Amino acid sequence: MVLIEQVPSKEAKVNSKPTVKDSPSADKTSTAAAASGYASDGYETASDTALNETENGSNRESGNTITAASSSSDGDLKEKMQQPEANQEQLNEKALAQANDAKVEGNTLFKDGLYEEALSKYEFALQVAADIPSSTEIRSICYANRAACFSKLGKHEETIKECTKALELNPTYIKVLVRRAEAHEKLEHYDEAITDMSKILELEPSHYEARRSVMRLKPLAEEKREKMKEEMIGKLKEMGNSILGRFGMSVDNFKAVKDPNTGSYSVSFQK
């Protein structure tokens with residue numbers, strides 16, 4: 001067998017060009033591109049991973065900005081809400097100080113015997129402190145001091161009213177209970193006076209004045225009840241006589257006899 005070597009034609013020689021070897025860097029780039037599955041198109045572009053990282057970073061930055069803005073907004077809102085509360089507290093403190101000053105002035109006037117003027121100062125203090133939640137103490141004191149003024153002026157009904165207002169704010173105000181009991185006694189409200197003195201003994205069993213007052217007032221209260229009973233019977237007799245008189249009779253024609261066994265009464269007619 002004869003081997004024939006093919007000789008390239010002239011046309012082939014003319015069209016053939018020398019092959020240019022790629023640079024090492026090009027080989028590395030091509031290899032990296034092939035390994036990553038992407039073929040370079042001659043432009044430098046970011047990979048999807050890089051784009052995702054950039055986008056996520058942008059989103060985080062935007063989120064942080066929104067969060068910071070929201071936190072700032074919440075802080076401003078809380079500050080605005082706290083400002084009125086702080087202002088109201090300052091106003092309350094100022095009002096309490098003003099009320100206390102008026103009370104002190106009233107005390108000075110009371111010591112000087114100027115009871116009407118003292119009443120005005122205490123009333124002003126009550127008006128200033130009227131709507132302040134923490135003004136219970138000073139208001140109860142002012143009502144008690146007004147009661148003392150009315151007591152000095154001999155206005156016992158007004159004394160009782162002011163004492164009652166003070167006790168509504170401070171039910172254990174023993175000094176006011178004593179003053180109200182004294183006013184009740186002067187108006188001959190003995191049962192009411194005994195009630196106040198008994199309340200004092202509940203709060204302070206060793207209160208000597210209250211114990212003495214209860215012992216002294218009980219006979220007076222009983223005497224008054226008997227007197228009131230007699231007055232009522234007298235009025236009933238007058239009314240009965242006015243009716244029976246039309247028939248030529250009077251209540252004296254009727255006699256009531258009590259049964260000692262049952263405690264009931266039997267009425268008999270006598271001419």
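Values below: all heavy atoms of this structure, side chains included; hydrogens, waters and symmetry mates excluded. All residue numbers in this chain count up from 1 along the given sequence. All values reported here derive from a predicted model rather than from experimental measurement.
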- Message: Can a donor-acceptor pair be found, under 3.5 Å and without considering hydrogens, that links the side chain of S151 to the backbone of A147?
- Response: no
- Item | E204 atom CD: more than 12 heavy-atom contacts under 6.0 Å | yes
- State plainly whether one hydrophobic cluster holds both L203 and Y173, where clusters connect Ile, Leu, Val, Met, Phe, Trp and Tyr through side-chain heavy atoms under 4.5 angstrom apart. yes
- Message: Run the side-chain contact (heavy atoms from CB on, under 4.5 Å) test against R211 and tell me which residues pass, sequence neighbours left out.
- Response: L201
- Task: Take atom NZ of K94 as the centre, draw a 6.0 Å sphere, and report whether it contains more than 12 heavy atoms from other residues, nucleotides or ligands.
- Result: no
- Task: Locate the shortest heavy-atom distance separating A166 from S140; write the atom from each residue and the value.
- Result: CB-O, 3.5 Å
- Note, N170 side chain near V176 side chain (heavy atom, < 4.5 Å): no
- Message: Measuring only between side-chain heavy atoms, which start at C-beta, is Q98 closer than 4.5 Å to F124?
- Response: yes
- Query: Atom CZ of R225 and atom CE of M228: how far apart are they, to the nearest 0.5 Å?
  - Reply: 9.5 Å
- When every non-hydrogen atom of L220 is compared with those of Y190, the smallest separation belongs to O-CD1, 3.7 Å
- Looking at R146, R180, R179, which hits side chain to side chain donor-acceptor pair (under 3.5 Å) with E162? R146
- Message: Measuring from atom OH of Y115 to atom OG of S120, what distance do you get when rounded to the nearest 0.5 angstrom?
- Response: 15.0 Å
- State, to 0.1 Å, how close A129 and S135 come at their nearest heavy-atom pair, and which atoms those are. O-OG, 2.7 Å
- Treat each ILVMFWY residue as a node, draw an edge where side-chain heavy atoms are under 4.5 Å apart, and state whether V214 and I200 are in one component. yes
- Any donor-acceptor N/O pair, H207 side chain to A210 backbone, under 3.5 Å: yes
- Query: With sequence neighbours left out, what residues match E93 under side-chain contact (heavy atoms from CB on, under 4.5 Å)?
  - Reply: none
- Is the closest side-chain donor-acceptor distance between S198 and D196 under 3.5 Å? no
- Message: What I'd like to find out is whether the side chain of L167 reaches to under 4.5 Å of the side chain of Y143, using heavy atoms alone.
- Response: no
- Message: Measuring from atom CD of E188 to atom NZ of K227, what distance do you get when rounded to the nearest 0.5 angstrom?
- Response: 6.5 Å
- Task: Quick one: pull up CG in L119 and CG in L114 and give me the separation to the nearest 0.5 Å.
- Result: 11.0 Å
- side chain to side chain contact (heavy atoms under 4.5 Å, CB included), paired with H184, selected from I160, T159, T195, L217: I160
- Message: Please determine whether residues I174 and M197 belong to a single hydrophobic cluster, defined as Ile, Leu, Val, Met, Phe, Trp and Tyr linked transitively by side-chain heavy-atom distances below 4.5 Å.
- Response: yes
- H156 NE2 to C163 SG distance, which is reported to the nearest 0.5 Å: 12.0 Å
- Heavy atoms of other groups near D112 CG, more than 12 under 6.0 Å: yes
- Task: Please report the shortest heavy-atom distance between P133 and T136, naming the atom on each side.
- Result: O-OG1, 3.8 Å
- Message: Can you list everything that forms a side-chain contact (heavy atoms from CB on, under 4.5 Å) with K103? Sequence neighbours excluded, please.
- Response: N100, N107, Y122, I138, I141, C142, N145
- Hey, does F110 have a side-chain heavy atom less than 4.5 Å from the side chain of K121? no
- Other residues, nucleotides, ligands: >12 heavy atoms within 6.0 Å of E137 CD: no
- Query: Is any side-chain heavy atom of E185 closer than 4.5 Å to a side-chain heavy atom of R216?
  - Reply: yes
- Flag if over 12 foreign heavy atoms under 6.0 Å of CZ, R212: no
- Non-hydrogen side-chain atoms of S134 and L96 separated by less than 4.5 Å: yes
- Query: Going by an N to O cut-off under 4.0 Å, is there a salt bridge joining E158 and K161?
  - Reply: yes
- Query: Would you call K224-D191 a salt bridge at under 4.0 Å N-O?
  - Reply: no
